[in-house]
Amino acid sequence: MEYRTQIVSLAVVITIIFNFFRNKRMPFLSTKLFAAFLTSAGLNIVFELWSLYTLIHTDEVLPWLNRLAHQFFIGTLDLTIFFLYLYVDVKEREQRRYTGKELFLRMIPLLIAFVMVLFGGIHYYVGEDGMYSYGTMAMTIYISVAVYMCMILVRLFRKKICFVPHERSTITIGIAVWLGIAVLQFLYPHLLLSSMALALMTLFVYISMENPREYMDCDMESVFSQKAYGLVVSEKLESKQTFWIVNVALMNERLVRTTYGNSELAHILEHIAKAMSSYTGEDAYHSHRRMVAVILHDKKECEQLLLDGLVEAIQKELVVDHEMADLRLTVLECPTYATTYLEVENVFDFVNGNQFDANGRVQFVINQDMVEKYQYYETVEKLVQKAIKDDGFEVFYQPIYSTKNQKFVSAEALVRLKDKETVGFVSPELFIPIAERRGYINELGQIIFEKVCKFYKENNLQNLGIEYIEVNLSGKQIVDLRLPEQLLACMEQYELTPNCINLEITETAAVEAEEILEQNMKRLQDAGFGFSMDDFGTGYSNLSKMEEVGFDLIKLDKSLIWPCFEEDSEGAKVILNSCVDMIHRLGRHIVAEGVETQEQADMLTEKGVAYLQGYYYSRPLPENQYLEFMEKAAK
Ligand code: C2E
Ligand code: CA
Ligand code: CA
């Protein structure tokens with residue numbers, strides 16, 4: 001059967017075409033060119049079948065019809081190769097569009113081929129061993145394939161960074177296969193293998209570079225992935241046109257995840273994406289762990305959305321869960337307020353982070369004022385980076401009072417930036433999260449820990465009646481597998497035993513209790529470190545988890561204590577009493593934080609709270625002042 005190869009090849013290409021066009025596609029020029037390549041390849045095989053038919057029936061078919069079939073076949077083959085070249089070329093140009101002249105230059109080999117297709121001679125051979133066509137028209141295939149293949153190879157290897165290695169190898173292998181087949185075809189013209197070469201090339205490129213599923217989010221149907229978002233935003237920024245990113249963040253993602261699990265979280269985000277997409281008519285992207293975005297190109301449309309209440313539309317879509325989903329919508333005009341993808345990410349990170357005071361609003365359009373705040377944040381980041389390099393941190397100590405022994409038995413180590421000139425005092429509440437986000441919290445944690453050990457050792461703190469120092473660990477530090485070894489190495493260096501340190505971790509970090517956290521805690525507890533649960537009452541208490549993970553101390557947050565001293569404090573008192581009672585029954589001691597008045601101290605002492613910490617006793621003090629304070633207190 002003469003049509004066998006062509007029919008199989010056509011089946012392959014049609015399958016790819018079907019899959020490719022059925023899915024959502026990225027809005028890239030290269031994707032459009034791939035679509036053109038694919039369509040042209042499909043048509044080419046159809047025309048090949050037609051030309052094969054006219055060849056077999058040369059005697060019956062009108063000669064001009066036979067010639068026409070061959071013109072279509074050869075013409076589309078030239079065109080297909082041309083599109084493949086443009087596809088690779090545009091990837092190398094990072095999606096930059098062509099000027100008329102640029103495109104014309106690239107078309108020259110194609111135009112020459114077209115002239116030959118129009119006017120070249122074609123002859124047919126039909127013999128016992130098979131059939132084929134030859135002549136100047138048929139020659140154009142070899143010429144245009146060779147020219148464009150060479151140009152493709154130059155593109156692939158000239159600017160290596162534009163292609164990931166597997167992309168480069170895919171196209172190179174595709175070309176090698178194609179060339180091999182072309183040589184075979186040249187030597188044995190009756191084999192008619194062109195369609196096979198084409199189908200293989202299509203398959204290669206599709207699977208490794210243009211599979212639309214690659215850009216879709218793996219947990220959410222018809223939502224583009226973060227990778228796709230990064231590519232699209234970068235491309236748009238590159239093009240310098242103005243566009244608006246509308247981003248919706250699920251602010252209480254952590255609560256949703258810890259209460260309902262990851263699949264429910266994905267489900268809610270998917271609903272948000274669907275609502276945004278149907279409301280705006282644009283594709284939605286899973287832009288970040290807890291955010292979904294759409295990209296708009298019209299200011300009016302953007303303003304309208306906010307007026308019409310996109311947030312309400314999303315909440316409606318969420319039906320069941322809408323009570324629970326805490327949403328924040330932010331609009332960012334690009335490139336006005338962000339010129340690189342990293343800046344886009346940082347601005348959204350900032351507006352949706354806890355360092356940004358939202359004042360209860362759910363809708364923001366990024367403006368100059370916010371950008372300035374963000375820039376302050378960036379300055380702080382640079383300060384932190386510099387401080388890590390140049391020993392720019394110091395540790396303050398806040399005394400902790402024992403109600404039973406009626407003296408100060410411990411202190412909490414609190415980090416401070418030495419530099420107060422650049423931007424004034426910066427709270428660790430601002431710079432610790434920055435260090436976490438930027439990945440240097442481990443280094444910073446090490447610096448703090450070492451300073452505490454050094455201070456403890458050099459001043460023989462145990463002789464001053466200090467039983468242990470409380471050291472804060474960030475939630476990111478505690479899930480770092482290197483942590484136990486690092487802390488133990490430091491203790492060894494200063495010849496200290498771990499029981500002189502109590503590590504504080506926040507309630508939320510403990511509740512999320514990933515496996516590594518438990519593993520690390522166990523390792524450190526076995527070595528002799530104590531643990532305190534920090535900020536009890538601010539997170540989302542998972543009480544059974546708290547019981548599972550053995551804490552020596554529970555630190556009550558000021559937000560549980562202060563309301564008891566305001567008007568109408570009955571409810572607050574019930575809560576505080578129950579918490580104190582429960583913790584005591586579980587056999588744990590309590591540290592009350594934020595004790596500012598004698599009244600508070602008396603009330604907490606009366607309830608049997610073991611330790612008190614707060615401005616009433618002392619603010620956090622630099623090393624020497626702290627030593628003076630302890631000496632005075634001992635008298
Ligand atoms: P935290 O662990 O809850 O620390 C207690 C915070 O409350 C400290 O703020 C302390 O100065 C403040 N404070 C103490 N007594 C009172 C009081 O009576 N009234 C009021 N209004 N505040 C009081 P600071 O030093 O600004 O630290 C803020 C947060 O930054 C800390 O909260 C902790 O989460 C983090 N942090 C501080 N130092 C470190 C550190 O060395 N490592 C890590 N990972 N985090 C740290
Ligand atoms: Ca603390
Ligand atoms: Ca605390």
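All residue numbers in this chain count up from 1 along the given sequence. For ligands, and for the atoms within them, numbers begin at 1 and follow the listed sequence.
Among the atoms of Tyr616, none of the N or O lies under 3.5 angstrom from an N or O of ligand 1. The shortest N or O to N or O distance between Trp562 and ligand 1 is not below 3.5 Å. Between Ile441 and ligand 1, no N or O atom pair is found at a separation short of 3.5 Å.
If you number the atoms of ligand 1 from 1 as listed, the ones under 4.0 Å from a heavy atom of Ile448 come out as 40 (C), 41 (O), 42 (N). Those atoms of ligand 1 that come under 4.0 Å of a heavy atom in Glu412, given as number and element, are 2 (O), 4 (O). Taking every non-hydrogen atom of Asp535 and a distance limit under 4.0 Å, the qualifying atoms of ligand 1 come out as 3 (O).
Within Glu412, the N, O or S atom lying nearest to the Ca ion (ligand 2) carries the name OE2. Of all N, O or S atoms in Asp534, the one lying closest to the Ca ion (ligand 2) is OD2.
Classification of the His589-Tyr611 ring pair by plane angle, with boundaries at 30° and 60°, yields perpendicular. Between Phe431 and Phe393, the ring planes lie tilted relative to each other; the angle falls in the 30° to 60° range.
Residues Glu317 and Ile272 form no side-chain contact, since every pair of their non-hydrogen atoms from C-beta on lies 4.5 Å or further apart. Side-chain contact between Glu623 and Phe396: absent, with no pair of heavy atoms (C-beta onward) separated by less than 4.5 Å. At least one side-chain heavy atom of Met521 sits under 4.5 Å from a side-chain heavy atom of Phe551.
Using a 4.0 Å heavy-atom cutoff, Arg619 is absent from the residues neighbouring ligand 1.
Between Leu414, Asn472, Thr597, it is Asn472 that holds the heavy atom closest to atom 42 (N) of ligand 1. Between atom 15 (N) of ligand 1 and the options Gln613, Arg416, Gln398, the minimum heavy-atom separation is to Gln398.
Residues Tyr397 and Phe455 bring their aromatic ring centres within 6.0 Å.
Side-chain atoms of Ser287 and Asn247 form a donor-acceptor pair, as typed in the model, at a separation below 3.5 Å.
Within the 4.0 Å cut-off (strictly below), a protein heavy atom is located near atom 4 (O) of ligand 1.
Annotation: cation-pi geometry satisfied between Arg619 and Tyr615 (NZ/CZ under 6.0 angstrom from ring centroid, within 45° of ring axis).
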